[in-house]
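Scope of the values below: all heavy atoms of this structure, side chains included, with no hydrogens, waters or symmetry mates. Here the structure is a predicted model, which means the values were calculated and not measured.
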Amino acid sequence: MMEQSSPTPNQDEARRSGWWSAAARYLPVVAFLAFLLYYWRIYDLGGRMTGYGDALEYVWATGWFRQGLQNGEGIRLFVPGVFMPEGWSLATFANGLGVFALAVPIAFVLNGAAAFNILVLLSFVVAYGGIYRLVRLTAGRGVAALMGLLYLLWGGRWLRISGHLHILLGSALLPWIILCLEGALKGGRRWWIWATVAGLLWALAISFSMYFIWFGLFLVAGWLLAAVVRRRVAVIRGLLILFGSGGVAALVSLPYFYLYLRAGDTVKGFNIQAVNIYNLSLDWLPALFPHHPIPVLAEFAMRQTNGAPNEAAFSGFGIILLILAAVGLTGRARRPDIRAAAAITAGIGIVLALGPILQWNGEPVAVPALRPLNEAIWDVGHAMKPDIFSSPDAPPAFATGVPLPGLLLSATVPYFEGARVSARYLLIAAPGVLLLAAMALEKRPRRRLVALAAGLLLIEAARTPVRGLPFPVPAHPAFAWLAAHPVAPGESVLDLHQPLPDIALPVISGDALWATTMHRQPIAGGGGSVLPLHFNYLLGWFAQHPNPVDSPELPWLLRGYGVRYVLLHFRKGDTAALEALAAGSDDIAPVDCFAGAPGSPWNYPICVVEVRPPTLPAIDVYPASGFSSPEEWGIWATGEESIARWLATNTAEARFAVEMFPYCVEGQPQRVEIAVAGNVLAAHDWTDCATWQTEIVIPAELVTIGQNEIDLQFAHTDRPADVTGGANPDPRELSAGFTRFERLP
């Protein structure tokens, strides 16, 4: 009997290789399921949410659309009871209509929370599959699965699971757009099919968020530029693919563009200084996620970003991933054409994420020698976009900072500044960075070294598992009181909080929107980051009045917006301004204070105050100057000029009913001229002491949103003490008395 020979080393290697090849086929699915099992701990999709705040915006808007369809009202894009008194067009909502096209059908079957959670999970699947397929162009299954997981865990996406569903869904499509471009580059005569599909995916991403107009453009242009540089495609063919895919995206998106632009005149644009707040600081690029689950790494991450709480500080790629990406740029590559495209798109995304001017340690880098260049760019921006580059001279940070392409693009390209959060351009860079890191791992011949790098990458990218918060959201007792005391038609409720020690501001959040489902009252605030012009004025007024109760304008302002009740949200920290409001005044009456609701977004006290009706309902303008104190019958104008202010929440024609009489002195006839912005709209000469009744019509072209002024010029004034020889001791210089100065509906 012959002895069985032992396996040779080559046979052992072949068996191990065969085992690994068989297992590797299932690795992508196993890796993704392991990711879900560990990180996604929400098992009741309709009973828990990833968070409140921004996430509640989606659930509220989903419910709004669903209710309209259920009631037979169709797709209701306008919400009259939010951002009162003008309402809110959801076409300008930062969360695109495409999100709700997916969410509403799910909500019909389940509920809004389930729709949100299912779409988050869908974004995970699509994003993971896209990166996996993309990396497979240059690496094996194991490395591709690893990069797919890193894309899901990267801070630029992970921070959005508690609210930014539009960014999650849109960014999930970016790797698939690249794959379509790859198909077009090698598709022969059928390149146009791939270009068309790329355009359709681009349009779908735009429907989720307008940000993807720019994200898609720079991603597609960068990838095709690399193809031209590497001579994979001729310049003409590259341009055809670019304009073909872009044309399809634009054509499909035209209805959405139309709806947005039609309502766009009612929203506030972003000043370039506001855009500059959301830059990526260059030193944050390798920063770890500040909320890392490992305490030592969390502390290290906080030191990297100096504890900055903004989105840019959460979007770093980490140290190890960037080192591997740098290694991937060197040496030989299996696909040098893919490497070039990855490098170019990563570079474009990083440069754009740095914003208009370079920052380090969260502060602008000053180079005074660049002042002439900066001022020239600023002058162009001020000439082309005076609302965006508002001051005639560049502010100090822009005058001496290091200008980046984002500054010139903001100055010259229409609507470019609308991509307010510059740091989000890292979404363009992420696929390129992951591709380069994958190439670095693919060239390492030792599997142990690759396994070690993979382990370190997963530790660096680790996150705290998502367990969720209860849904439906627990209510606050203040909302129950409010529901029992409805406001009159045209009136509303204003939520105020004190985010900083020295400022009280209206609340803009998903919490405020969701609260309307509980107290059932219209609100003067709202949600979203694109603010209506009339609300932006209200917000600015509070920002300029740190202790609003001290301003005599406050009651007039609140009445001008139709505010009946003010909800004072006593969150943690200094609340002195809110306490002063809660104490009340002549025009603001305290109602009641209610304890917080544990486990809800409102786990703090809320006090309710009521805006009292005016003592003189027939006089609703604000006597800014040249008026005495109101009296029971009306108010005297004093001096030869008086200024009355009124609030406009739109730019429509305004009409005022005026009833006035002169301070009558025999032999001294009085005259009045009423003007707006230098235009005389009415005048009257008194030949007796009779009351003059008139209606003033202010044309729409003279109306500005916010504070407006009516100028009243009188021929002369008289002091009762002088006219009566002291019988009437009144020392005021009177010109005319007003019994009515009221804006007409």
Side chains of [X] and [Y], heavy atoms from C-beta outward: is any pair under 4.5 Å?
{"X": "Leu409", "Y": "Trp214", "result": "no"}
{"X": "Cys664", "Y": "Trp686", "result": "no"}
{"X": "Ile698", "Y": "Ile710", "result": "yes"}
{"X": "Tyr537", "Y": "Thr649", "result": "no"}
{"X": "Glu86", "Y": "Leu533", "result": "no"}
{"X": "Pro699", "Y": "Leu681", "result": "yes"}
{"X": "Val487", "Y": "Pro522", "result": "yes"}

Give a yes or no on whether [X] atom [atom1] has more than 12 heavy-atom contacts from other residues, nucleotides or ligands under 6.0 Å away.
{"X": "Ile75", "atom1": "CD1", "result": "no"}
{"X": "Phe78", "atom1": "CZ", "result": "yes"}
{"X": "Asp688", "atom1": "CG", "result": "yes"}
{"X": "Tyr415", "atom1": "OH", "result": "no"}
{"X": "Gln70", "atom1": "CD", "result": "yes"}

Item to check | Passing candidate, ring-ring contact (aromatic ring centres under 6.0 Å, His included) with Phe535, options Phe83, Phe542, Tyr561 | outcome: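 Exactly one option meets the ring-ring contact (aromatic ring centres under 6.0 Å, His included) with Phe535, and it is Phe83.
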Once you measure the plane-to-plane angle for [X] and [Y], does it fall in the parallel (<30°), tilted (30-60°) or perpendicular (>60°) bin?
{"X": "Phe93", "Y": "Tyr58", "value": "tilted"}
{"X": "Phe398", "Y": "Trp378", "value": "tilted"}
{"X": "Trp481", "Y": "Tyr565", "value": "perpendicular"}

Item to check | Short side-chain donor-acceptor distance under 3.5 Å, Asp718 and His716 | outcome: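 Side-chain D/A pair, His716 to Asp718: present.
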Item to check | Donor + acceptor pair across side chains of Glu659, Thr691 (<3.5 Å) | outcome: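 No, no side-chain donor-acceptor contact under 3.5 Å.
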Next on the checklist: Assess the residue pair Arg719 and Glu733 against the criterion (salt bridge (Lys or Arg N to Asp or Glu O under 4.0 Å)); give the C-alpha distance rounded to whole Å, side-chain angles, the decisive distance to 0.1 Å, and a yes or no.
Outcome noted: CA-CA 5 Å; Arg719 299 172 67 231; Glu733 295 184 352; 5.0 Å; no
Ring centres of [X] and [Y] under 6.0 Å apart?
{"X": "His545", "Y": "Trp541", "result": "yes"}
{"X": "Phe661", "Y": "Trp633", "result": "yes"}
{"X": "Phe479", "Y": "Trp602", "result": "yes"}
{"X": "Phe656", "Y": "Trp646", "result": "yes"}

Any chance you could measure [X], atom [atom1], to [Y], atom [atom2], to the nearest 0.5 Å?
{"X": "Thr412", "Y": "Leu407", "atom1": "OG1", "atom2": "CG", "value": "9.5 Å"}
{"X": "Leu538", "Y": "Leu494", "atom1": "CG", "atom2": "CG", "value": "6.0 Å"}
{"X": "Glu553", "Y": "Tyr622", "atom1": "CD", "atom2": "OH", "value": "5.0 Å"}
{"X": "Asp620", "Y": "Phe741", "atom1": "CG", "atom2": "CZ", "value": "9.0 Å"}
{"X": "Thr516", "Y": "Leu482", "atom1": "OG1", "atom2": "CG", "value": "11.0 Å"}
{"X": "Arg612", "Y": "Leu558", "atom1": "CZ", "atom2": "CG", "value": "13.5 Å"}

